[in-house]
Novice: 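Starting off with a structure, shown below.
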Amino acid sequence: MLDDKILPNGPFAIVTDLEPSPEAPVPTNNSSALPVDPNSPGFELKYTLSGHRKAVSVLKYSPDGKLLASGAADKLIKLWDTYTGHLLSTLEGHNEGINDLAWSVDSVYVASASDDKSIRIWSAESGTTVRELQGHTNFVFCVNYNPHSNLLASGGFDETVRIWDVARGRTMRVLPAHSDPVTAVMFNYDGSLLASAAMDGLVRVWDSESGQCIRTLVDDDAPVCSHVKFSPNSQFVLISTQDSTLRLWSVEQSRCVKTYTGHANRTYCIPASFGRGRAKWVVSGSEDHKVYIWDLQTRQVVQVLEGHRDVVLAVAVHPKANMIASAGMEKDLAIKIWVNAPPVDSAADVVGEAPVS
Amino acid sequence: MAAFLTDPFSSDHPTAVQTSLLSQALQARFDPSGQYIGAGKMDGTALIWDMTTKSSVRTLPGHAKAITSIDWSRNSRFMLTSSKDWNVVVWDLSNECDPVQRHATVRFDAPVLAAYFHPRNSKLILAVLQTGEAYIADLRKDSRSQMELSDSQEESEDEEQQSSKTRIAITTARFDPTGKYIFAGTAAGSLLVFNTRTKTVIARHKIPGAGSIKTLDFNESGRRLVTNSSDRVLRQFALPSYPSSGSSTETEIVGQELRPQYTFSDPINRSAWNGMSYSAHGEWLAGGAADSASHKIYIWDIANDGRLAITLDGGRDPLSSIHWHPKKSIIISTTKFGTILVWHHPTPERWGAFAGDFEEMDENFDYEEREDEFDIEDEAEVKKRKMKLEEAEVDVDTIVDSNGPGGNSVLQRQASSADVDLAWADQDPDDDTVPWILSVLMEEDV
């Protein structure tokens, strides 16, 4: 497509800690700590990728780190070269907008969840649909592979979680999981557990083999849960709720151990991610058009990435390199790639969300 | 499985059939991860089943006659099948194709009863032939050979006495879990222990009353051995430690008689056994009865003096093989008509888990509220305390493995350089170093 062009180092403001933007909101509870130079991850805008014509809803790096997949309300999935920012292919086939994407562990296939009630599995190389999974009776909102990538879990507005046999393209199990749309599903590191989050305010943890509910994590006020993500060791889940808060829960103790605030999230399902560099981070988009990075342990905001002109709905952390991708809604449509300047002191600085196995 | 979800003190045995896999298989064996089942069919084809999806994921056509045994390399990348067509075929599952192509074929001079990979190197294969001979096939470049295992001393005695030249037939043989020794059972009811590297006999054990040894198996640590013999009794032995080779030039041959710790038999039907398998950590022993009109599995509680714990009834189809999952409380047994039965221990649904703050209890009890339980606290105070609690560091990366020492623990514990036998086995290693995952193959069907 002619309009798919790359604008390296786009014209937008780059926020570093040395030049705090005057309109940056200063969270009340950690005003003294923002910004503190040694703690800042130091991300800077590297590329702006344009191509989608409607709101970008999801960004996912392939496990090998080579590709970035983006899905949008324009029914298209685009695959980008992570390191050059070139558009490699556009996957067309869904009849409605894309809500979520998931990569198989070998980076060969991409699964997409769509408002057309179907899930498609695409070959990243050929760009063709290899499976179409039908079964959900309403919008499919989230999808994820298990670590062996022989199962796929999906959730949607029909309030169920479905587990699919990928090779045969069949539903293996339907979990009557929630009483409101399911917003996120994720397997733990060995695939034995499945976590689901829903608008009913609950996060449930399931035994993926028997389909039995093992834990229900719920906060006192039960704010709408918009995303859930297992920590690399699966001892914790990071839960995004629409009270502008991220909470890290211990699955074992059913207890919230960390809360992260400062961003704005009242309306949309915005995912959060773990990142790792000089310190461990938590990364999330925000409805104030920014990307927030917290220190995992101290819970302080360590960097705010500014440049988007609309709600940041999609954020992805690169599995190996120090790279974050973010994208926004209608008024923006651009995908921004942020990298942090190579640190002088440490070659071991790696951002990652997957455990090294 | 996350550690906290399973009760560390419960080690239950399977009690019921979870599923049956229609596979026409007479032999079935879990891979070391427990993720896959290798199944051998009557017509010589092997299949790989995925335990997660309970579906067949690979076909391995390589034999002209029935498959007699299946074994997996330590990280599941290689699988071998032995067959009545005189061949042992090694399959490399890293090739992303279905049907899978042969990786190597080893041909013998008679039907192969069973074959096994060396626990440290899949280029060493032990095969037992129907003619009562056992061979070690070495597929390594510099030492490619087939060596027969024979009790040389016994032979020389025979020559001296000019008696009949009948050698005692080896009916079964296994590597012990370290791979340093090969245990061979004979038609005369004795156990011969060979050093794998030198192929010499280091011990002879007479098992009184056993008759011909049909099969043998080890527990995870290799300290215990169970034999199945023609007198229809399973015997468990605690193994002595054997002199390690290289310490002296002439090692003495251990000639001790082994006394079984426990014997297991079916007191009513006196049925023979078609197979036996230890549970993951050796707390249970399962025996598959060779009854022609029923499918019965007996499970004995080893920790409890070997008492019979349960008899599982799998219907009328006779049992042909049995194998315990390497980690979980799951057994697979095959029927003579080719069905693989998957036995599991069903866990009752915990409905309390559906509510966030529910605690399920077995009995009612009077709840005594704490003194301050319903006190109204200053919200700011509560928040402050909560924030204080949140300052504790969390570890989101370190994986705590609930399974503890895994199946390869014996291998990991022993440094190969310190031991000549292990160092020998580690020469020219196979490329089976990381836990193997079969890639999901999908033909484009839309």
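Every chain is numbered from 1 and lettered A, B, ... according to where its sequence line falls, protein lines coming before strand lines. When reading the values below, keep in mind they use all heavy atoms of this one structure, side chains included, and skip hydrogens, waters and symmetry mates.
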Novice: Measure the spacing between CG of D395(B) and OG of S231(A) and express it to the nearest 0.5 Å.
Specialist: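 OG of S231(A) is found 8.5 Å from CG of D395(B).
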
Novice: If I compare all heavy atoms of E390(B) with all of C256(A), which pair ends up nearest, and what's the gap?
Specialist: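 The pair with the smallest heavy-atom distance is OE2-SG, 4.1 Å.
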
Novice: Where do A167(A) and V440(B) come nearest, in terms of heavy atoms and distance?
Specialist: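 Heavy-atom minimum between the residues: CB-CG1, 4.0 Å.
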
Novice: Supply the atom-to-atom distance T53(B) OG1 to R168(A) CZ, rounded to the nearest 0.5 angstrom.
Specialist: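 T53(B) OG1 to R168(A) CZ: 6.0 Å, rounded to 0.5 Å.
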
Novice: May I ask you to check whether over 12 heavy atoms, not counting those of E125(A), lie within 6.0 Å of atom CD?
Specialist: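 Open: at most 12 neighbouring heavy atoms sit under 6.0 Å from CD of E125(A).
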
Novice: Which answer fits W206(A), side chain, backbone, both or neither, if we ask what part of it has an atom under 4.5 Å from a heavy atom of chain B?
Specialist: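 Interface part for W206(A): side chain.
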
Novice: Within a radius of less than 6.0 Å around CD of E373(B), do more than 12 heavy atoms belonging to other residues, nucleotides or ligands occur?
Specialist: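 Correct, the count exceeds 12.
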
Novice: When you look at CD of Q297(A), are more than 12 heavy atoms from neighbouring residues, nucleotides or ligands closer to it than 6.0 Å?
Specialist: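 Yes - once you tally the heavy atoms of other residues, nucleotides and ligands closer than 6.0 Å, there are more than 12.
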
Novice: How about K117(A): does its NZ atom have over 12 heavy atoms from other parts shown lying under 6.0 Å from it?
Specialist: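 Open.
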
Novice: Looking at chain B, which one of E209(A), H148(A), K280(A), M172(A) has the largest number of heavy-atom pairs inside 4.5 Å, strictly under?
Specialist: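 Ranked by heavy-atom pairs under 4.5 Å with chain B, first place is H148(A).
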
Novice: Counting only heavy atoms closer than 4.5 Å, note whether T259(A) contacts chain B via side chain, backbone, both or neither.
Specialist: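 Interface part for T259(A): both.
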
Novice: Taking all non-hydrogen atoms of both residues into account, name the closest pair between Y189(A) and I399(B) and its distance.
Specialist: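 For Y189(A) and I399(B), the tightest heavy-atom pair comes out as OH-CG2, 3.2 Å.
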
Novice: Answer with yes or no whether the side chains of N233(A) and D397(B) bring together a donor and an acceptor at under 3.5 Å.
Specialist: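 N233(A) and D397(B) do not have a side-chain donor-acceptor pair below 3.5 Å.
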
Novice: The criterion is side-chain contact (heavy atoms from CB on, under 4.5 Å); which residues satisfy it with V257(A), sequence neighbours excluded?
Specialist: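 V257(A): side-chain contact (heavy atoms from CB on, under 4.5 Å) contacts with F236(A), L248(A), S250(A), R255(A), V394(B).
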
Novice: Does Q101(B) CD have over 12 foreign heavy atoms under 6.0 Å away?
Specialist: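 No.
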
Novice: In Å, rounded to the nearest 0.5 Å, how long is the span from NZ of K328(B) to OG of S192(A)?
Specialist: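 Here the interatomic distance stands at 7.5 Å.
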
Novice: State, yes or no, whether a side-chain contact exists between E391(B) and K258(A) at a heavy-atom distance under 4.5 Å.
Specialist: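 They are not in contact (no side-chain heavy atoms under 4.5 Å apart), so the answer is no.
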
Novice: For each of I163(A), N146(A), N150(A), L151(A), tally heavy-atom pairs with chain B at distances under 4.5 Å, and name the one with the top tally.
Specialist: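 If we count pairs closer than 4.5 Å to chain B, N150(A) comes out on top.
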
Novice: Which residues satisfy the side-chain contact (heavy atoms from CB on, under 4.5 Å) test with A353(B), sequence neighbours excluded?
Specialist: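 A353(B): side-chain contact (heavy atoms from CB on, under 4.5 Å) contacts with C213(A).
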
